[in-house]
Amino acid sequence: MRGYSTWEIHRPVPIDDGAGGQTITMVQVATARGDVRELVGRELIQAQVAGAEHTHTGYFNVRADIDRNDELHRDADRLLVLTASVTYPQPFGRLRVTARRVEAGG
């Protein structure tokens, strides 16, 4: 998963179920190019020791429409966004996301 690639951004949206309740559906809201990498070596050990659940870190254009709880999809990869923060002030900043892998279908 190294190098820049295009990711689909899916956002949870509540949909009325017709019986007075709601269900949550993931809806694609945008695409964004980003560099997403799996944690390895020292990063992985530090995350495990700290009890962090994230398995991937990614960098996107600061204008990318990515929020916490969105999912990033690319081919068979599905990642749940845990945090999204700007690393430098605009216009030269990057959006840094931490994410964890999720299984298809949930």
Side-chain angles (χ1 to χ4, degrees):
M1 241 194 270
R2 286 194 170 265
Y4 279 82
S5 55
T6 300
W7 292 80
E8 295 177 354
I9 303 165
H10 293 251
R11 186 158 292 147
V13 175
I15 306 289
D16 290 335
D17 66 5
Q22 293 182 331
T23 60
I24 302 297
T25 302
M26 297 303 285
V27 176
Q28 182 178 341
V29 294
T31 60
R33 285 188 49 79
D35 182 16
V36 178
R37 298 175 184 211
E38 193 165 1
L39 298 181
V40 294
R42 182 180 59 181
E43 292 174 327
L44 181 60
I45 292 169
Q46 288 173 340
Q48 289 173 338
V49 168
E53 61 178 320
H54 86 278
T55 59
H56 293 74
T57 300
Y59 293 92
F60 293 84
N61 183 298
V62 72
R63 293 184 187 99
D65 183 19
I66 301 173
D67 292 320
R68 191 171 164 210
N69 294 323
D70 286 351
E71 284 187 4
L72 303 175
H73 296 195
R74 186 192 64 141
D75 301 328
D77 296 318
R78 293 182 62 182
L79 305 175
L80 174 66
V81 176
L82 303 172
T83 64
S85 58
V86 176
T87 58
Y88 301 107
Q90 289 187 12
F92 303 109
R94 294 187 299 169
L95 181 66
R96 179 182 187 270
V97 300
T98 60
R100 72 173 167 84
R101 185 181 304 279
V102 293
E103 298 298 321

If two hydrophobic side chains count as joined below 4.5 Å and joins carry through other members, does [X] share a cluster with [Y]?
X   : Y    : result
I66 : V86  : yes
L82 : V102 : yes
V36 : V29  : yes
V62 : L72  : yes

So do [Y] and [X] actually touch side chain to side chain, heavy atoms under 4.5 Å?
X   : Y   : result
P12 : D70 : yes
I15 : T23 : yes
D67 : V81 : no
R37 : T57 : no

Original post:
Any donor-acceptor pair under 3.5 Å linking the side chain of T87 with the backbone of R94?
Top reply: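 Confirmed, T87 side chain pairs with R94 backbone.
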**OP:** Under the side-chain contact (heavy atoms from CB on, under 4.5 Å) rule, what do D77 and R101 come out as? Steps first, then yes or no, please.
**Re:** CA-CA 8 Å; D77 296 318; R101 185 181 304 279; 3.3 Å; yes
**OP:** Can you see which heavy atom on Y59 is nearest to which on Y4, and at what distance?
**Re:** O-CE2, 4.1 Å
Original post:
Should we count CZ of R33 as having more than 12 external heavy atoms under 6.0 Å?
Top reply: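 Yes - once you tally the heavy atoms of other residues, nucleotides and ligands closer than 6.0 Å, there are more than 12.
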Subject >> Distance, nearest 0.5 Å, that separates CG of L95 from CG of N61 >> reply: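 With rounding to 0.5 Å, CG (L95) is 8.5 Å from CG (N61).
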Subject >> Between CZ on residue R68 and OG1 on residue T98, distance to nearest 0.5 Å >> reply: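 That separation rounds to 9.5 Å.
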Original post:
Only one of R78, H10, R11, Q28 clears side-chain hydrogen bond (donor to acceptor under 3.5 Å, both in side chains) with E71; which?
Top reply: R78
Subject >> Positive for side chain to side chain contact (heavy atoms under 4.5 Å, CB included) with L79, one of H73, H56, E38 >> reply: H56
